[in-house]
Structures are given as C-alpha cells and as structure tokens.
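Written out below as structure tokens is the structure these notes cover.
Predicted, not measured: the structure shown is a model, and the values here were computed from it. Just so we're on the same page: letters track the sequence lines, and every chain starts at 1.
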Amino acid sequence: MPRPADPAIPPRPDPSRPAAMSAPDPGALLAWYDRHQRRLPWRAEPGTRQDPYRVFLSEIMLQQTTVVTVAPYYAAFLARWPSVKALAAAPLEEVLSAWAGLGYYARARNLHACARAVVERHGGAFPDTEAALLELPGIGPYTAAAIASIAFERRAAAVDGNWERVLARLFAVEEALPRAKARLRALALTLLPETRHGDFAQAMMDLGATLCTPRKPACALCPWQGSCAAHAAGAPERYPVKAAKSVRPTRQGVAFLAVRADGAVLVRSRPPRGLLGGMSEVPSTDWVEGGPADPALAAPMALEWQPLNAAVGHVFSHFALELAIWRARAPALTPAPKGHRWVRPEGFDAEAFPSVMRKVLEYIG
DNA sequence: TAAGCGTGGCT
DNA sequence: TAGCCAAGCTT
C-alpha cells in the first residue's frame, strides 16, 4: 500500500539523474514510433499482429547480424519454408546450405531444432508466453521476450543491444557491459508501458538504430532528450561503458585443394558442433597459432601437392586465420577417401560452404 | 562468469 | 588499417 512521502524526509535524489529531469515517458516514444518507424520485411502492417513464425525466423537471423545482411536470407527462407511445419520437415543439410554465409551457424542448427520442437511439443503452434518460449532451443532471454511481445502482445522486455545503449544513456549507467546487463534489464522493466508491447519493443530498437546510435547520436531529434542523463551531462557517446576487449590471436593452417580431371573438388563435412559445425569444407590441417608442424601429414590423400603462392585471410569472432593453399590435380574417376566426397562446381550452391571456404574455392584455378 | 561462436560494412 | 559494430545463445 503506497503512502504519501514523509515531508520531513526529502526524497533521495537519483545520483544518475539531475533533479529537474523528467522520467522517460513510454508514450512519448510510442508517439515518435508512430511517425518514424522503419518498414522492414518481417514487420506486420501497423495495427496488425505478425505471424509468430516470421517473428521467430527474423529474430534468430538478426542476432548479432545487420538488417541489410539478413533481408535476402529472410526472403529466401520464407519462400522455401513458409511455415514452421515446413521448416521442421526439411533436412538439416538443406537448412545449413541455405544459411551459408550468414555466420554463427549454431543459429541454423538451433533454428531447425526449434522448429521441430514446436511441432513435436506444441503441435506446430508457437507457445505464446515468454517462459515457454525460453524453453525452446536457440531462444534466449532476448528472443523469448521479442516473440512474446511482438507476436503475442505480451508485456516483456526484449533487451537487445539497442535497448542497452538507450538505457545506459538515459540513466548514465557507469557500470561496464557485460556486467551491467542485469542492471539494464531492471531499468528496462521500469519503462514498459501498459499497452502496445510489440510496438514498444520495436520502438526501442528503432530509436537505438536510427537516433541513439553508437557514434554521433542525433539527440536533437530524440523524443527522450529531456529525460536523458547522458545528454544532460553532455556525453552521450560515453555510454554504454564497455569492458576492455582481449586481443584476437592469429592461427595458421593449410587447405588441401584437390581438383579432379572432371573439375570436381574434394570436400568433407565438419563435425556437427563447434566452429562452423556441420558445414562443408575443403580439407585442411588444424588451425593453430604458429601453424601446423608438418602439413603433409594432414593431406587427405596422396597426390602431388603444390603450395600456391597465395593465402586466404579470414577473421572470425575470436581469432584471425591465415590459410595457405596446397593444390593438386587428381585423375578422372579417382575415388574419394573415406569421409570425403567429390563436388563439381555446379553443386557448390547445394553445399553449406561458409565464407572462408568460398574464398578457398576461388583458387580452383 | 567468461569464452566460444561468423560475417561484412564502416570509420 | 585495424578495430568497432550489428535485433545473442550456449556451455
């Protein structure tokens, strides 16, 4: 039961907020959103509710990935697998092949596993609560809240990187990410409106993506400028504070590019989990700092291997790779060694080649 | 809690 | 150029 403040005890000022600053009003953000929302392929027409499968598909693809990159993949997936049942019925290899180039391939494996779980556990209909969504593979706190709010109008805080940046600035949070995540989530819960939960989630993302950007935020256009502690302090770009990043090491390896007389290339599939799990690759040595001691020991078969005067460079999230190319010609009808297969260039699109392997394949010659 | 996990665009 | 950044999840 709330009681009136004791006039003898002045309210404690919020140290992150000057006394004259007003609290952020969710209604002001929603009014801004009504005028400035982005039209994106996975968004429903204003005033209508989006198909949960489309929200799910787009949210998984958008994890750590830009709108521009996702758009063509989203269209291709939706055309090929228009429903969660269709996706669940697809072979994993086809899903990985369609995902190739988008990165973070565990997302594709989990997307497929999640579709199957929705069919098997929920009869093909996505559960409509944050808690039930959180039980599904590949769906974490953000995605569960995003689907619950956007597809089902549940009151939930879909705190992504945009929300975190907006909140860190509004409240001038000095604690550094990622440690500050719990604090930012608590602040998010205080801002949730009583209506329009899906719109609010997307309004926060649009605000972060278009005005409250990492660099050079457009504070003059912001509906919350008068409520923002970072703006009041004259240093919006100082937030969110981030922990120092560790250095990225470089690993070296040798890729063995065997080209048969009919143009086919020797290929294999990577182990089902871990880096590039389940994806197709040109066989190679291990990728290690300092490089492999004796690359020849890792050759997939006995051929006249010729080191090329070229190397593929590629940057992963936690290491950089320098991949030397050894190439060899194999006679027609040469059988593939165990665990390998020959694939002609016409078949490349059906393979799940990640970007680094597409670079290697440029050297077929 | 922190590390592992892709890729491409931008500055 | 080399680092930063983008609608995070899993272990």
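- One can place CG of A:L62 at 12 Å from P of C:dC9, the figure rounded to the nearest angstrom.
- For the pair A:K181 NZ and B:dA2 P, the computed distance is 12 Å after rounding to whole Å.
- A:S58 comes within 4.0 angstrom of nothing in the nucleic acid, heavy atoms only.
- Rounded to an integer number of Å, the gap from A:I60 CD1 to C:dC9 C1' is 9 Å.
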Per-nucleotide protein contact string for nucleotides 6-11 of chain B (B base, S sugar-phosphate only, - none; heavy atom under 4.0 Å): BBS---
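- At the heavy-atom level, A:L111 lies nowhere under 4.0 Å from the strands shown.
- Checking the phosphate oxygens (OP1, OP2) of B:dA3, no side-chain nitrogen or oxygen of A:H318 falls inside 4.0 Å.
- Using a 4.0 Å heavy-atom cutoff across all strands shown, A:P141 reaches sugar-phosphate atoms only and no base atom.
- Going from atom CE of A:M205 over to atom P of C:dC5 covers 20 Å, rounded to whole Å.
- When heavy atoms are screened at a 4.0 angstrom cut-off, A:R165 is found touching the sugar-phosphate backbone but no base atom.
- Atom CG of A:L177 and atom C1' of C:dC5 are 13 Å apart (whole Å).
- Residues A:T250 and A:E322 bring no donor and acceptor atom of their side chains to less than 3.5 Å of each other.
- By the 4.5 Å heavy-atom criterion applied to side chains, A:L40 and A:Q202 are not counted as neighbours.
- Between the CZ atom of A:F319 and the P atom of B:dC5 there is a distance of 7 Å, rounded to whole Å.
- Taking atom CE of residue A:M279 and atom P of nucleotide B:dG4, one finds them 21 Å apart after rounding to whole Å.
- No side-chain heavy atom of A:M279 sits less than 4.5 Å from a side-chain heavy atom of A:W99.
- The stretch residues 256-270 of chain A participates, sequence neighbours left out, in these side-chain hydrogen bond (donor to acceptor under 3.5 Å, both in side chains) pairs: A:R260-A:D262, A:R268-A:E281, A:S269-A:R341, A:R270-A:E281.
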Derivation and outcome, side-chain contact (heavy atoms from CB on, under 4.5 Å), residues A:F316 and A:R248: CA-CA 9 Å; A:F316 293 92; A:R248 175 160 31 213; over 6 Å; no
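- Comparing A:W42 and A:L134 by the nucleotide of DNA chain C that holds the closest heavy atom to each, the one mapping nearer the 5' end is A:W42.
- Annotation: salt bridge (Lys or Arg N to Asp or Glu O under 4.0 Å) contacts involving residues 119-138 of chain A, sequence neighbours excluded, comprise A:D128-A:R154, A:E130-A:R185.
- Nearer the 5' end of DNA chain C, as judged by each residue's closest nucleotide, is the contact made by A:D160, out of A:P137 and A:D160.
- Rounding to the nearest 0.5 Å gives a distance of 8.0 Å between CZ of A:R49 and CZ of A:F152.
- Rounded to whole Å, atom P of C:dA7 lies 12 Å from atom CG of A:L207.
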